[in-house]
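Computed from a prediction, not measured in an experiment: that's the story for all the values here. Chain A is the first sequence line, chain B the second, and so forth, proteins listed ahead of strands; every chain is numbered from 1.
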Amino acid sequence: MAATGSTTAGESAFYVTTPIYYVNDAPHLGHAYTTVAGDVLTRWHRQRGEKVWYLTGTDEHGQKIMRTAEANGVTPQQWCDKLVEEAWKPLWSHLSIANDDFIRTTEPRHTKRVQEFVQDLYDKGEIYRGGYEGPYCVGCEEYKSPGDLLEGDLCPVHKRQVEWLKEENYFFRLSDYGPRLLEFYESNPDFIQPASARNEVLQFVRQGLQDLSISRSTFDWGIPIPWDPKHVIYVWIDALLNYATAVGYGSDQIKFDATWPANVHLVGKDILRFHAVIWPAMLMANGLPLPGRVFANGWLMVGGEKMSKSNLTGISPRQLTDHFGVDAYRYYFLRAIPFGQDGSFSWEDFSARYTSELANDFGNLASRVAAMVGKYFDGVLPEAGNSGTAPEAVASGPAEQAIADGLAESTARADTLIGDNLDFAGGIAAIFDFVKQVNGYLTEQAPWKVAKDESPEGRARLATILYTAAESLRAIAVLLNPVMPATCAKLWASLGAEPHLGPLADQRVADVARWGRLPAGAHVTKGEILFPRLNDPKS
RNA sequence: GGGGCGGUAGCUCAGCCGGUCAGAGCAUCGGACUCAUAAUCCGUGGGUCGUGGGUUCAAGUCCCACCCGCCCUACCA
């Protein structure tokens with residue numbers, strides 16, 4: 001099959017990454033939030049007909065994992081394997097995440113390239129041997145920055161005296177890159193988003209950068225420095241480089257050229273700086289093209305408190321999907337929280353949106369339309385039109401034209417907001433504006449009243465109304481598919497669309513608003529309720 | 001300590017460079033309707049716009065102080 005219109009063989013893929021998550025613990029809502037967002041973004045671009053690559057993965061080195069593994073009586077590798085296979089991958093599968101690859105930093109395809117990369121930087125003089133010294137807390141087993149300490153050089157965590165330690169390690173000449181980074185931010189104003197995040201990074205870089213220590217010799221769970229194996233690479237270069245190694249850096253030049261650089265790196269606020277400062281500097285040092293943008297999403301707040309591993313607030317993704325379902329879960333966080341901002345959420349708010357937006361507005365619309373086509377036309381979608389002769393591609397009358405216009409506008413808005421701006425909340429709202437419009441149309445046209453008129457004119461009018469509603473649902477299914485694929489598949493089936501239009505995922509955003517795609521004769525069936533009413537509010 | 005952001009109807013939030021800016025959605029209440037998941041559609045509610053000053057003919061919308069919450073201030077993903 002030929003490439004779709006907008007894609008050519010040599011075109012670079014729309015490449016999106018999530019952070020690689022630290023596998024010390026099981027995934028929580030925050031991880032899922034970022035990963036779902038990336039999934040919706042990439043599904044949207046696939047429906048634009050673009051070549052897409054969506055990467056997620058896990059960060060598996062470091063002292064913490066080493067210690068956790070020890071505490072559990074297994075090797076670090078065993079520990080990582082277990083968590084990845086039993087917790088992380090299953091959750092992504094459960095949440096319908098359609099990632100194209102899953103990279104683990106312990107894989108040879110990664111570790112070998114990382115070694116080549118640092119060797120390269122070393123050969124270029126970008127890395128030098130130096131010493132790090134600072135206040136070290138034995139309890140934390142890590143260095144503190146002087147500003148963190150409490151009165152009397154006490155560790156803020158353990159409230160005990162820190163020790164002044166000195167360690168030899170290797171440094172990356174990050175300090176050289178301040179001016180070039182600022183220049184880059186200047187000429188690429190959208191590189192860091194949202195704007196608030198960008199400002200913080202700018203402020204930070206303007207203060208002047210220090211060189212970055214990139215190795216540790218105090219533990220060995222990591223990638224050895226090739227020229228000095230007593231050292232292992234410390235987090236930054238190891239972790240960040242996954243975005244390159246996963247798409248063939250240093251091993252598969254063709255794939256690399258077809259994918260690199262990333263269009264969007266999704267990150268949490270906590271790791272923004274590494275992605276917006278260290279990462280581009282690393283790439284500059286090695287002469288690689290820089291990514292398109294780094295988008296930092298906010299924290300999920302529960303009752304005004306940040307969700308973190310120390311405060312999971314007792315809610316796991318599974319608990320929510322068990323109650324609300326996977327699609328509603330995917331929908332809720334993106335709809336309720338402006339992407340890039342911190343957002344508070346609650347069980348109550350989730351319930352309210354589920355009922356009002358998903359069940360009442362969307363699910364019920366699908367339900368009432370299918371029911372009426374079944375009742376009045378035996379489930380066979382009738383032909384719309386003026387006196388039965390209007391071309392299918394034209395909406396029949398003023399009321400129908402208003403629907404077609406509304407669809408065109410919602411589609412255009414959603415495409416820009418979701419596909420370009422990563423404004424998922426705004427884009428979903430645009431689609432739901434259309435859902436509401438169709439509900440209003442039905443109330444105004446009152447097909448159940450028209451149905452009592454059995455004259456040919458009456459039948460024709462009824463056909464037009466129901467055709468318009470069903471055709472609207474066809475579009476809604478396509479537009480919402482990136483967000484709620486399982487539900488939209490049900491709707492697609494209910495509309496009997498696939499035999500005529502092909503698989504839902506193959507429907508193009510550019511075609512959504514072209515009126516009259518769903519042909520008369522499609523077999524419309526009631527199908528199951530899209531969003532069943534929730535049981536008890538809690539547990 | 002320094003820097004940034006936020007505090008607007010019960011809830012979540014819009015309100016750009018000052019003059020219909022006192023709003024939206026949800027919830028509430030009233031009405032219409034019955035195709036549908038007791039759904040839909042229409043209308044409604046009057047909240048000192050954190051506190052106290054100030055500038056101005058005019059201030060959520062600018063200035064100052066203060067109160068409250070959050071974030072950043074480099075090596076924990």
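Using a 4.0 Å heavy-atom cutoff across all strands shown, Arg533(A) reaches at least one base atom of the nucleic acid. Within 4.0 Å (heavy atoms only), Val369(A) reaches no atom of the nucleic acid at all.
Nearest to the side-chain atoms of Trp448(A) among the listed nucleotides rA74(B), rU34(B), rC75(B) stands rU34(B).
With hydrogens and angles left out, the side-chain atoms of Tyr21(A) and Thr35(A) include a donor and acceptor closer than 3.5 Å.
Residue pairs meeting the salt bridge (charged side-chain N to carboxylate O under 4.0 Å, His left out) criterion with at least one member in residues 363-382 of chain A, sequence neighbours excluded, do not occur.
Where Ile529(A) and Tyr22(A) meet RNA chain B, the nucleotide closest to each residue was compared, and Ile529(A) sits on the side nearer the 5' end. Nearer the 5' end of RNA chain B, as judged by each residue's closest nucleotide, is the contact made by Pro447(A), out of Pro447(A) and Tyr234(A).
Atoms NZ (Lys526(A)) and C1' (rA36(B)) sit 6 Å apart, rounded to a whole Å. Atom-to-atom, CZ of Phe362(A) to C1' of rC26(B) comes out at 19 Å; the value is rounded to the nearest Å.
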Could you list the protein-to-nucleotides 2-4 of chain B atom pairs, N/O on both sides, closer than 3.5 Å?
none

Hey, what are the protein-to-nucleotides 28-31 of chain B N/O distances that come in under 3.5 Å?
none

Identify the pairs formed between an N or O of the protein and an N or O of nucleotides 40-42 of chain B at a distance under 3.5 Å, and give each distance.
residue : atom : partner   : partner atom : Å
rU40(B) : OP1  : Asp361(A) : OD1          : 3.4
rU40(B) : O2'  : Arg368(A) : NH1          : 3.3
rU40(B) : O2'  : Thr443(A) : OG1          : 2.9
rC41(B) : O4'  : Thr443(A) : OG1          : 3.2

Below 3.5 Å between N/O atoms, which protein atoms pair up with nucleotides 7-13 of chain B? Just atom names and distances, please.
none

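For the pairing with Phe324(A), the ring pair (Phe, Tyr, Trp, His ring centres under 6.0 Å) check across Tyr329(A), Trp347(A), Tyr331(A), Phe333(A) returns one residue only, Trp347(A).
With the 3.5 Å cutoff on both pairing distances, Watson-Crick and G-U pairs in RNA chain B assemble into runs of at least 3 at B:1-7 with B:67-73, B:10-13 with B:23-26, B:29-32 with B:40-43, B:50-54 with B:62-66.
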